[in-house]
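Only heavy atoms go into these numbers, but all of them, side chains included; no hydrogens, no water, no symmetry mates. Numbers for residues simply follow the sequence, beginning at 1.
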Amino acid sequence: MSLDVRESVPLAPLTTLGVGGPARYFAEAADEAAVVEAFRFAEARGVPLFVLGGGSNLLVADRGIDALVLRVRVRGIELLRGREEASGAETGGGGGEAGRALVRAGAGEAWDDLVARSVAEGWAGLECLSGIPGDVGATPIQNVGAYGQEVAETIVEVRAIDRATGAAVVLSGADCGFGYRDSRFKRAWRGRYVITAVTFALRPGGAATVRYPELQRALAAPAGGAAPPLGEVRSAVIALRRGKSMVLDPADENGRSAGSFFMNPTLAPGAAAGVLARIEAAGVLAPGEAIPQFPADGGRVKLSAAWLIERAGFARGTRHGAAGISTRHTLALVNRGGATAEELLGLARRVRQGVLDRFGVALSAEPDLVGFAPGEIADLVGGAHL
């Protein structure tokens, strides 16, 4: 057997939160043949297969995972075509360039390495996604986004192995059903495909996407003005993320996190009007303060989860055993040292219930929650379970 399968492998060191029990079986796949072999191994032993990326958007149960945990390590960054229009991708910002650069990256490539390469090459389209931990293969699943940019804007194709047939398939970006932190990989296609490569349509010589207010302020870039160089935007994004402890730094007391633990809620217009009225009546607004709100797909209204959490009375640095809220960013739940998954879930439930009681908004967990029984995480909404 070319696939090296190990038993009872600790998963905590493979996640950015640093919590959770072991995998019953664990293997790494350097190519698509190894992925298919992993399917067969799991099927022969009657266990599920769980794909582990960079471990940055994940909370593993204390009991571990009774499954074959597979880390896809397919590598390589390849320029397929340059200065040529790429069908199927709707790239945003800085239009008018002569063409596109089609860049294919293996699922096991570190995401920020790809972003750094694209910025160095002058390929616009990923610069605002700088500093995000994890692997390339995970980005289509969640439609990773930050500072006004999403991977849905640039993904042309996703190459994957179909678990049912063991065959390689190519899925167009248009077919992936991308939405806010969402895709068909999280819904109708959950568990069907293992991603091995992603192709992006980037813009050689294109302008950076600077449409997020916080980033505009950091760059002193007026809305509608000339965009700064890609490298300057990347540096500004990383600085903003570092200020919120949202980059991997072993020396940072807030560094052991899964990033944002809650998604920003999006509400239908009628529901949003009711929530906004409830917030105004709650007396939590400072004089002249506006409620942060943003337009979302389908005419919906997006609210700031971080703002809601703070106004519900949860301060930065709040602790729940060895788990806590980051001292720098309210959306991040952190491991203060020796935290358990149960402590993190307990804190998440406290926060979610507090926001629900105060404002009538139910927050959804953003990380995958694995190794838990469905009933253990149903109240947190979303996340994978085995």
Side-chain angles (χ1 to χ4, degrees), residues 16 54 56-57 89-95 110-120 122-134 136 138-155 178-183 200-203 206-249 254 257-266 292-297 301-307 326 328-332 366-367:
T16 55
S56 60
N57 192 50
E90 297 181 0
T91 55
W111 171 252
D112 197 49
D113 288 351
L114 173 63
V115 178
R117 167 81 182 274
S118 71
V119 168
W123 303 331
L126 304 179
E127 59 280 352
C128 296
L129 305 177
S130 294
I132 295 176
V136 167
T139 59
I141 298 172
Q142 194 185 359
N143 183 20
V144 165
Y147 296 102
Q149 211 167 47
E150 294 179 332
V151 293
E153 300 173 46
T154 52
I155 289 178
F178 292 123
Y180 171 65
R181 301 298 183 272
D182 193 27
S183 73
F200 301 87
L202 305 180
R203 306 187 308 278
T209 300
V210 184
R211 54 188 174 218
Y212 195 78
E214 184 181 12
L215 181 57
Q216 289 174 345
R217 292 192 295 271
L219 290 163
L230 298 182
E232 187 175 335
V233 173
R234 172 172 166 79
S235 296
V237 168
I238 291 176
L240 287 171
R241 293 184 64 87
R242 190 177 301 280
K244 301 173 183 178
S245 294
M246 289 293 185
V247 295
L248 295 180
D249 182 355
N254 298 298
S257 82
S260 297
F261 201 91
F262 294 103
M263 293 186 284
N264 290 322
T266 60
Q293 54 184 294
F294 313 92
D297 294 341
V301 178
K302 183 190 298 184
L303 301 180
S304 166
W307 189 91
S326 169
R328 292 185 175 181
H329 188 36
T330 319
L331 271 186
E366 185 168 326

Practice item. Would you check if the side chain of E366 reaches a backbone N or O of N57 as a donor-acceptor pair within less than 3.5 Å? Key: no
Practice item. Tell me, yes or no, whether the heavy-atom count around D249 atom CG, taken from other residues, nucleotides or ligands under 6.0 Å, exceeds 12. Key: yes
Exercise for review: Tell me, please, which residues at least two apart from A236 pass side chain to side chain contact (heavy atoms under 4.5 Å, CB included).
Suggested key: L215, L219
Review point. To the nearest 0.5 Å, what is the distance between OG (S235) and CZ (R242)?
Key: 10.5 Å
Study note, to complete from the structure: Closest non-hydrogen contact found for T16 with A258 is OG1-CA, 4.0 Å
Review point. In Å and rounded to the nearest 0.5 Å, what is the CG to CG distance from L202 to L230?
Key: 10.0 Å
**Study point:** Value rounded to 0.5 Å, distance of CH2 in W123 from CZ in R203
**Key:** 14.0 Å
Point to revise | Contacts of Y147 that satisfy ring-ring contact (aromatic ring centres under 6.0 Å, His included) - sequence neighbours left out | key: Y212
Review point. Taking all non-hydrogen atoms of both residues, which atom of L129 and which atom of Q149 are closest, and how far apart?
Key: CD2-O, 3.4 Å
Practice item. Specify the closest pair of heavy atoms between R241 and P133, including all atoms of both residues, with the distance to one decimal. Key: NH2-CD, 4.0 Å
Point to revise | Shortest non-hydrogen separation from A208 to A227 and the atoms involved | key: O-CB, 3.6 Å
Exercise for review: Measure the spacing between CD1 of I132 and CD of Q142 and express it to the nearest 0.5 Å.
Suggested key: 9.0 Å
Practice item. Quick one: closest heavy-atom pair of M246 and A332, and the distance? Key: CE-CB, 3.7 Å
Check your understanding: Do N143 and R181 come close enough that some side-chain heavy atom pair is under 4.5 Å?
Key -> no
Practice item. Might you point out which heavy atoms bring H329 and A306 nearest each other, and give the distance in Å? Key: CE1-CB, 4.4 Å
**Study point:** Listed partners of W111 passing ring-ring contact (aromatic ring centres under 6.0 Å, His included), at least two apart
**Key:** F200
Exercise for review: Go through the structure and list residues passing side chain to side chain contact (heavy atoms under 4.5 Å, CB included) with N254, not counting sequence neighbours.
Suggested key: S245, D252, S326, T327, R328, V334, R336
Check your understanding: Looking at side-chain heavy atoms only, is the closest gap between V233 and C128 below 4.5 Å?
Key -> yes
Exercise for review: Kindly compute the distance separating CD (Q216) from CZ (R211), expressed to the nearest 0.5 Å.
Suggested key: 10.5 Å
Practice item. Drop me the distance from E127's CD to I238's CD1, to the nearest 0.5 angstrom. Key: 12.0 Å
Practice item. Name all residues meeting the side chain to side chain contact (heavy atoms under 4.5 Å, CB included) criterion together with D112; count only those two or more places apart in sequence or in a different chain, and write none if there are none. Key: V115, S130, R234
Practice item. Measure the shortest side-chain to side-chain distance between L240 and R217 over non-hydrogen atoms and say whether it is less than 4.5 angstrom. Key: no
Exercise for review: Mark yes or no for whether S260, through its side chain, and F262, through its backbone, hold a donor-acceptor pair below 3.5 Å.
Suggested key: no
Exercise for review: Mind checking side chain to side chain contact (heavy atoms under 4.5 Å, CB included) for S183 and listing every partner two or more places apart, or none if nothing turns up?
Suggested key: F178, F185, K186
